[in-house]
Engineer: 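Mind looking over this structure? Questions follow.
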There are 2 protein chains.
Amino acid sequence: MKLSTKGRYGLRALIDLAQYSEKEPVSITSIAARQGLSERYLEQLMSMLKKADLIKSIRGAGGGYVLNKDVKDISVGDVLRALEGSLEPVTCSGLDPEEGCEASKECVTKYVWQRINDSINKTVDEIKLDQLVEESKEIQAKGVSPRSEIHCKN
Amino acid sequence: MKLSTKGRYGLRALIDLAQYSEKEPVSITSIAARQGLSERYLEQLMSMLKKADLIKSIRGAGGGYVLNKDVKDISVGDVLRALEGSLEPVTCSGLDPEEGCEASKECVTKYVWQRINDSINKTVDEIKLDQLVEESKEIQAKGVSPRSEIHCKN
DNA sequence: GATTAATCCTAGTAAAATAATAGGGTATGA
DNA sequence: TCATACCCTATTATTTTACTAGGATTAATC
């Protein structure tokens, strides 16, 4: 039940982007440098966020990315689902009656998976990007490692 | 964010065990046959459930496993944590202030991981084994595939 | 128009985790 | 003594993850 680096790095990257893209587009290079991530890997994550219409890109010199929605209209759930795919704890749980596995009728555990799925989605959809950006600004205002060499692995 | 077969098979196995162990110990062989699981793999899962004190074993001929607690005192959370380890969505999230990663102070996302963790645990701890056993009996009473050849992969 | 700074797209690959399989040992009832 | 069952550890095949790499396209600037 672990998130992959896609979800972890991607959420951090998007918070960073939200924080720095108010005046001009933010390049992958700059996000990667601030967050201590591989540029090439981050590129792929940004591509996924773009496909999910959370960000848009400006190509060419001076280009980069900007948000495609207001920070308050992007939830952590939107971000994680874009990067991780469905957050369902199982793949063939028959949560969707159309796509359920063939043993769905006699499946006792499917309600368990359904409830876990619902609670995860509810939780991540309640948290919006603006809250996290605010928090990030506060932490930086307090002067905690403005140019930290320590990078979180999450 | 997927559960492994450990959690999925193990929960099913424990529901099966709870249902059939009222009169006598239930062997791995019989659970594996009913649930369509590998005996050898299931053996490892049962060992984990035993280490977590959820079940106890009776060795030798006629032996098998029985529950070590009342069905109403075993939660899905107990089972999944025994099999999957912590259900935290990240490993070094600094959720525990003692063990947190070194970038913990400046970590914006840790509250997100904390909230996901809390909601998952709350959900799985609310569901007790007795509910699932009841439901399983009902399904079987309705005559849904009493000796089904179709086995759920979850 | 050339250069440079960017995103874009696909493929490949090393490492880690997962899901089993396998072999042999120990206990116990008939 | 034999068959049935749990016990414990090691090995292995497969899958997934987390990158790395190459090269194409776009656009601003010199």
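Order of the sequence lines sets the chain letters (A, B, ...), proteins ahead of strands, with each chain counted from 1.
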Engineer: Under 4.0 Å, heavy atom to any atom of DNA chain D: which of residues 39-56 of chain B qualify?
Structural biologist: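 The answer is B:Glu43, B:Gln44, B:Lys50.
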
Engineer: Short question: side chain of B:Arg12, backbone of B:Gln35 - any donor-acceptor pair under 3.5 Å?
Structural biologist: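 Confirmed, B:Arg12 side chain pairs with B:Gln35 backbone.
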
Engineer: Around B:Glu126, counting heavy atoms of other residues, nucleotides and ligands shown, do more than 12 lie under 6.0 Å from its CD?
Structural biologist: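 Yes, CD of B:Glu126 has more than 12 neighbouring heavy atoms, counting only those of other groups under 6.0 Å.
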
Engineer: Decide, yes or no, whether a salt bridge links B:Asp70 with B:Lys72 under the criterion of side-chain N to carboxylate O below 4.0 Å.
Structural biologist: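 Counted as a salt bridge, because a side-chain N and a carboxylate O are separated by less than 4.0 Å.
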
Engineer: What distance separates B:Asp73 CG from B:Leu54 CG, expressed to the nearest 0.5 Å?
Structural biologist: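 These two atoms lie 11.0 Å from each other.
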
Engineer: Please tell me if B:Ser4 has a side-chain N or O lying less than 4.0 Å from either OP1 or OP2 of C:dA19.
Structural biologist: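 Yes, B:Ser4 has a side-chain N/O under 4.0 Å of OP1/OP2 on C:dA19.
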
Engineer: Would one find a side-chain N or O of A:Thr5 under 4.0 angstrom from OP1 or OP2 of D:dA18?
Structural biologist: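 Checking A:Thr5 against D:dA18: at least one side-chain N or O falls below 4.0 Å of OP1 or OP2.
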
Engineer: CZ of B:Arg8 versus P of C:dA19: gap in Å, rounded?
Structural biologist: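 Answer to the nearest Å: 6 Å.
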
Engineer: Has A:Tyr65 got a side-chain N or O lying under 4.0 Å from the OP1 or OP2 atom of C:dC8?
Structural biologist: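 For A:Tyr65, the contact criterion (side-chain N or O under 4.0 Å from OP1 or OP2 of C:dC8) is met.
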
Engineer: Look at A:Ser57 and C:dC8 and indicate whether a side-chain polar atom (N or O) is within less than 4.0 Å of OP1 or OP2.
Structural biologist: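 A:Ser57 to C:dC8 OP1/OP2: side-chain N or O found under 4.0 Å.
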
Engineer: Can any side-chain N or O of B:Thr109 pair as donor or acceptor with the backbone N or O of B:Val112 at less than 3.5 Å?
Structural biologist: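 Judged by distance alone, no pair lies under 3.5 Å.
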
Engineer: What is the distance from CD of B:Glu24 to C1' of D:dC6, rounded to the nearest Å?
Structural biologist: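 Rounding to the nearest Å, CD of B:Glu24 and C1' of D:dC6 are 16 Å apart.
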
Engineer: Is it true that B:Val66 and B:Leu14 fall in one hydrophobic cluster, defined by side-chain heavy atoms closer than 4.5 Å?
Structural biologist: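 No; tracing contacts between hydrophobic side chains, which count when under 4.5 Å, never links both residues.
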
Engineer: Determine, for B:Lys50 against B:Asp53, whether the closest basic-nitrogen to carboxylate-oxygen distance falls under 4.0 angstrom.
Structural biologist: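 Looking at B:Lys50 and B:Asp53, the cut-off is not met.
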
Engineer: Please check this pair: side chain of A:Glu84 against backbone of A:Gly7, looking for a donor-acceptor N/O pair closer than 3.5 Å.
Structural biologist: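 Indeed, once roles are kept as given, a pair shorter than 3.5 Å links the two residues.
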
Engineer: Whole angstrom is fine here: how far is it from NZ in A:Lys2 over to C1' in D:dT16?
Structural biologist: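 To the nearest whole Å, that distance equals 16 Å.
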
Engineer: Starting at CE of B:Met1 and ending at P of D:dT16, how long is that distance when rounded to a whole Å?
Structural biologist: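 Answer to the nearest Å: 18 Å.
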
Engineer: When you check the gap from the basic side-chain N to the acidic O, do B:Lys122 and B:Asp125 get nearer than 4.0 Å?
Structural biologist: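 No, no charged N to carboxylate O under 4.0 Å.
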
Engineer: Where along nucleotides 24-30 of chain D does protein come under 4.0 Å, by heavy atom, of base (B) or sugar-phosphate alone (S), with - for untouched nucleotides?
Structural biologist: -BBBS--

Engineer: Take the protein atom NZ of B:Lys6 and the nucleotide atom P of C:dA20, then report the distance between them rounded to whole Å.
Structural biologist: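 So the NZ-P distance, B:Lys6 to C:dA20, works out to 11 Å.
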
